[in-house]
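Below you'll find the structure, written out as structure tokens, and then a few comments.
Both backbone and side-chain heavy atoms feed into the values below; hydrogens, waters and symmetry mates do not. To find a chain, count down the sequence lines: A is the first, B the second, and so on, and within it residues start at 1.
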Amino acid sequence: MPLRFHNTLTQQLEDFQPLDGKTVRMYTCGPTVYSYVHIGNFRTFTFQDILRRTLRARGFTLDHVMNITDVEDKIIRNAVQHNQSIQQYTAQYTEAFLADSATLRLQRPERLVFATEHITEMAEAIEKLSASNHTYESDGSVYFRIGSFPSYGRLSKINLDGNIAGARVDVDEYEKDDARDFVLWKARKPGEPAWPASCGEGRPGWHIECSVMAMKYLGETIDIHTGGVDLVFPHHENEIAQSEALTGKQFVRYWLHAEHLMVEGQKMSKSLGNFYTLRNILEKGYSPEAVRYLLASSPYRKQLNFTFDGLKGAAASIDRLRNFELRVSGGVFPDGENPEMSARAAQALTAFDAALDDDLNTADALAAVFEYIRDANTAMDSGAFLSANTASARALLSRFDSIFDVLKPTAAESSISDEQIESLIADRSKAKKSRDFDRADQIRAELLDSGVVIEDTRDGVRWKRK
RNA sequence: GGCGCGGUAGCCAAGUGGUAAGGCAGAGGUCUGCAAAACCUUUAUUCACCGGUUCGAAUCCGGUCCGCGCCUCCA
């Protein structure tokens, strides 16, 4: 089955193929670095990571660009409050974002690009748009006239005719011809950072940065563009208008949008007290892998209900996967190969890939892995799993982890070395042999205090760090 | 008002015409010095509700109710 994605533009599942058949040119909307990125943002970024990894697993080369928005109203306001330049102010949150992303094992895009490093290109783009009558100037600011772009609204299916009853429409803040016209260049205001441009000193609007940076690095037509659903309108709609008004070519072939995350069944908001950053959650003692698993386990087009029960469940699921991996790598199996078990693993691998190919159905992909694990465990218990079957089991786990990336525990500072652990386990085995179970249990408790779990199996003692 | 996503067991969640995946949690059991791990059994005659189409519907159609998002630079 071919790789298929749901395209927001057509609202249909479509077979995916990059324009040149080989390299996927992908642009993902990154964070605005005015504060710590929250867990809802990371739902979207985790989806982008699963997308990246799946594309690579299908053999495509990736050219993935993510922007960092480092000039914007909130940034300016906060920087002024902290008596810092916007560069100083954004640097710390860019750092934090990259660190958090690494904690969640999000692969770095091929290029991270910063808005403030592309002001010249943005000003040039605005100049071209003005030359072709897509803009107008008002009080020193430059606006894009959506009336000049007939297919405006195609992505978001927004109705441009008539009033938007019930909607809040800003009509007075700027002198706009149409309420939905958007700003390309904001005239300089006292105390704000500004750059010189032919249309006057000022700073770029938000939408223009993505168009300019995407096309600079990826070309006029790119394969995939992603973001959260809230970006469909107006951000992505505006990107299309600007870009296609500039080039006359289709800007993006596949638009993919991640649904939002809810927290305990409610919209995440500061006033409800359910607003979390990754750091907030890790401070409560949850592992980064559990967070990653929870964010990745639900398909991206469904709202995800983030709960602490769900996090505990995610951690338990990871334990099950890791226990199986330990059993495969540390178990002693009879010689030979059971062809049925090898076929079972191959079937699971196929099902895993097929689920991901189907618009990244991660829940279905996980089911394929868990079903295999149950069958393999059963076979191990009955002696039907043979030594040569470990290869196909490992192949499946490896494929799984190339996408989900949760098997390897995050290294924690440990007070105890592997040698000390082995030595204590040897002591405990001696104690057990002489039926001194009190001593044996005491050693087990000591190890547990140091974060080491030991388990007695048929094939000897196995241990893992918690 | 417009556009969009969704309502499946205690919780999370797959399944888009053929007779309800998977994970977590719970109960009982096997194994074990104990524990853990693992396995087995068990937990939705039923998929928000009502009507229709069909041999057959969680899946298609119509209607109703409910949740959420967007409709001003919020993932």
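- RNA chain B is contacted by A:Pro234 of residues 234-242 of chain A, taking any non-hydrogen atom closer than 4.0 Å.
- Listed by residue number, the members of residues 41-48 of chain A with any heavy atom below 4.0 angstrom from RNA chain B are A:Asn41, A:Thr44.
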Atom pairs under 3.5 Å: protein N/O with N/O of nucleotides 25-30 of chain B:
none

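- A salt bridge is absent between A:Lys408 and A:Glu289: the closest approach of a Lys/Arg side-chain nitrogen to an acidic carboxylate oxygen does not fall below 4.0 angstrom.
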Nucleotide-resolved protein contact map, nucleotides 8-15 of chain B, B/S/- at heavy-atom distance under 4.0 Å: ----SSSS
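- With sequence neighbours left out, the salt bridge (Lys or Arg N to Asp or Glu O under 4.0 Å) criterion links A:Arg188 to A:Glu201.
- Between A:Phe42 and A:Phe97, the ring-plane angle classifies as parallel under the 30° and 60° cut-offs.
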Using distance only, find each side-chain donor-acceptor pair of residues 309-320 of chain A under 3.5 Å and give its atom names and separation, not counting sequence neighbours.
unit_1   : atom_1 : unit_2   : atom_2 : d
A:Ser317 : OG     : A:Gly313 : O      : 3.0

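- Checking the phosphate oxygens (OP1, OP2) of B:rA38, a side-chain nitrogen or oxygen of A:Arg320 falls inside 4.0 Å.
- Remark: RNA chain B takes part in the stems B:1-7 with B:65-71, B:10-12 with B:22-24, B:26-30 with B:38-42, B:48-52 with B:60-64, each of 3 or more antiparallel Watson-Crick or G-U pairs, criterion distances under 3.5 Å.
- Scored by the salt bridge (Lys or Arg N to Asp or Glu O under 4.0 Å) test, A:Asp401 finds no partners at all (sequence neighbours excluded).
- Not a single ring-ring contact (aromatic ring centres under 6.0 Å, His included) links A:Phe233 to another residue, sequence neighbours left out.
- In this structure, A:His6 has no ring-ring contact (aromatic ring centres under 6.0 Å, His included) partners at least two apart in sequence or on a different chain.
- Of the residues in residues 94-108 of chain A, none lies under 4.0 Å from RNA chain B by heavy-atom distance.
- Contacts of residues 443-452 of chain A with RNA chain B (heavy atom under 4.0 Å): A:Arg444.
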